[in-house]
**Student:** 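Starting off with a structure, shown below.
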Number of protein chains: 2
Amino acid sequence: MSLDAIKYYRSFEAGQTLIWSGDRMEFVASVVTGVATLSQVMEDGRTQTVGLLFPSDFVGRPGRDTAPYNVVATTDLLMCCFRKKPFEDLMAKTPHIAQRLLEMTLDELDAAREWLLLLGRKTAREKIASLLAIVARRDASLKMLPAAGKLVIDLPLTREAMADYLGLTLETVSRQMSALKRDGVIELEGKRHVTIPNFDRLIEEAGDDTDGGIPG
Amino acid sequence: MSLDAIKYYRSFEAGQTLIWSGDRMEFVASVVTGVATLSQVMEDGRTQTVGLLFPSDFVGRPGRDTAPYNVVATTDLLMCCFRKKPFEDLMAKTPHIAQRLLEMTLDELDAAREWLLLLGRKTAREKIASLLAIVARRDASLKMLPAAGKLVIDLPLTREAMADYLGLTLETVSRQMSALKRDGVIELEGKRHVTIPNFDRLIEEAGDDTDGGIPG
DNA sequence: TCTGCATTTTGATCTGTGTCAAGGTGGGGA
DNA sequence: TCCCCACCTTGACACAGATCAAAATGCAGA
């Protein structure tokens, strides 16, 4: 038996919440197309996004059965799902899958820790530049293109979703986007379509070491 | 062959850096006694602590050989080390160890994501209360006592180390510690010895759901 | 095409935390 | 015992980003 034998697909519309924090998780899944967020909400409504899910990213945790976060589609989304029990059984019999899962989890941990630095120490402008860089890198890697020179992306997030990920307000996000446009770091057509004329310049603005930040 | 057969011990003094970011990692290790931090430093010196290591916590990553963070002893520290190669060999032969490592990594990921909420959305006062709660929980669990009612802890961190973990300045940390003392949430003897007369009150100040935050 | 509403931008002002600058405090070594 | 120095506290002021408030944009549906 292989993973292919137990998989099925589900699609969701932009804005839909796939999973509520505290829900029983019946499946694990990976993103096929589209983008989703993992987010945590405080009692008074303050919201922090704790992870972005791009195509190929994995959600769900074998061995635990209630969801720790809200999972929300920020674009139309297609997920490839596996019922949890068969997936766990398969994992127990196939060390390769467990190994791969450990590797992915370690990468997620690195990404989370990169984000700790961003939230704890970066300015609003650096935060925006960092987010644009991450989206551009993921987008380039999907298209099997190098993340360098001139890049064009469509932001998969509203200004509010960006704010929730960056620990800012949507007004500050909007102002800093305008400032980066004014300074020629980006060009905007509409609200979502972004041209990055010089990726290295964007990386400088992000305050990351010049060697390039998050791998993958 | 077992883990016991390949382990050895090393001790470090408070303030010592065990591992520099970028160093070749010759070993993986776990904390026996004392506390250490994982931290990331930007080119201009801004520092963010991305993890606290208490007794039983694990450092190092089978499969990667350069350290991604600085590891610094914040108290006198005893580590139990395993040379990386033998550890990896053992892991390949012993699925149980890999399984345990995945579990620990998932817990670390949860802790990192809890910290994202703290850094992105909590006030300075909530941040301090959250840190005190985490230290108190870990300390209680070491002593096999329930984390409730009246608790007494010795902070394993200087004000500056607290600031680096909380994304604040040391002055703000100091002011908020004084404010929590003034408001009767904590009592201070010296700079490090803290009495928490009512743990539930502290949790409220931390802004966490009343059910109690990070397990373990 | 026009309308309505969600989303975004921009402006004015406020505030929490950072920055700069003095003092305090206490524990280890002479 | 006393002094020194690292660590901490407190004060005054500055500023990045939050908050409150309007206006502009642009897309979906009539």
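So you know, we letter chains A, B, ... as the sequences are listed, proteins then strands, and number each from 1.
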**Student:** According to side-chain contact (heavy atoms from CB on, under 4.5 Å), who are the partners of B:Lys191, at least two apart in sequence or on a separate chain?
**Tutor:** B:Arg159
**Student:** How is A:Thr158 classified with respect to the nucleic acid when contacts are heavy atoms under 4.0 Å: base, sugar-phosphate, or nothing?
**Tutor:** sugar-phosphate
**Student:** Provide, to the nearest angstrom, the distance between the CD atom belonging to A:Glu160 and the P atom belonging to C:dA6.
**Tutor:** 13 Å
**Student:** Keeping to residues at least two apart or across chains, list the ring-ring contact (aromatic ring centres under 6.0 Å, His included) pairs with something in residues 126-156 of chain B.
**Tutor:** none
**Student:** I'd like to check the salt bridge (charged side-chain N to carboxylate O under 4.0 Å, His left out) partners of B:Lys143; sequence neighbours left out, ordered by chain and number.
**Tutor:** B:Asp139
**Student:** Strictly below 4.0 Å, N to O, side chains only: are A:Lys150 and A:Glu187 in salt-bridge contact?
**Tutor:** no
**Student:** Nearest whole Å is fine: how far is C:dT7 P from A:Leu170 CG?
**Tutor:** 10 Å
**Student:** So does B:Glu171 pair up with B:Arg175, basic N to acidic O under 4.0 Å?
**Tutor:** no
**Student:** Starting from C1' on C:dT17, measure out to CD on B:Glu126 and report it in whole angstrom.
**Tutor:** 14 Å
**Student:** For B:Lys122 and C:dT17, what is the distance between atoms NZ and P respectively, to the nearest whole Å?
**Tutor:** 14 Å
**Student:** Write down the distance between CD (B:Glu189) and P (C:dG27), rounded to a whole number of angstrom.
**Tutor:** 11 Å
**Student:** Using side-chain contact (heavy atoms from CB on, under 4.5 Å) as the criterion, list what pairs up with B:Gln176, not counting sequence neighbours.
**Tutor:** B:Ala124, B:Arg125, B:Ile128, B:Thr172, B:Ala179
**Student:** Let me test you: for the helix from C:dT1-D:dA30 to C:dA30-D:dT1, what is the angle between the axes at its two ends (five pairs each), rounded to 10 degrees?
**Tutor:** 40°
**Student:** Under the salt bridge (charged side-chain N to carboxylate O under 4.0 Å, His left out) test, which residues partner B:Lys181, sequence neighbours left out?
**Tutor:** none
**Student:** Kindly write out the residues that satisfy side-chain hydrogen bond (donor to acceptor under 3.5 Å, both in side chains) with B:Arg46, not counting sequence neighbours, or none if the list is empty.
**Tutor:** A:Glu126, B:Asp44
**Student:** Rounded to the nearest Å, what distance is computed from the CD1 atom of residue A:Ile128 to the P atom of nucleotide C:dT9?
**Tutor:** 10 Å
**Student:** Name the first nucleotide and the last nucleotide along DNA chain D (5' to 3') that come under 4.0 Å of a heavy atom in chain B.
**Tutor:** D:dC8 to D:dA12
**Student:** According to the side chain to side chain donor-acceptor pair (under 3.5 Å) rule, which pairs have a member within residues 23-35 of chain A, sequence neighbours left out?
**Tutor:** none
**Student:** Test of understanding: with salt bridge (charged side-chain N to carboxylate O under 4.0 Å, His left out), list the residues that count as partners of B:Lys127, not counting sequence neighbours.
**Tutor:** none
**Student:** Using a 4.0 Å heavy-atom cut-off across all strands, classify A:Arg125 as base, sugar-phosphate, or nothing.
**Tutor:** nothing
**Student:** Between B:Lys191 and B:Glu171, name the one whose nearest nucleotide on DNA chain C is closer to the 5' end.
**Tutor:** B:Glu171
**Student:** Name all residues meeting the ring-ring contact (aromatic ring centres under 6.0 Å, His included) criterion together with A:Phe58; count only those two or more places apart in sequence or in a different chain, and write none if there are none.
**Tutor:** A:Phe87
**Student:** Base, sugar-phosphate or nothing for A:Gly15? Non-hydrogen atoms, less than 4.0 Å.
**Tutor:** nothing
**Student:** What residues from residues 172-181 of chain A pass a heavy-atom cutoff of under 4.0 Å to DNA chain D?
**Tutor:** A:Thr172, A:Arg175
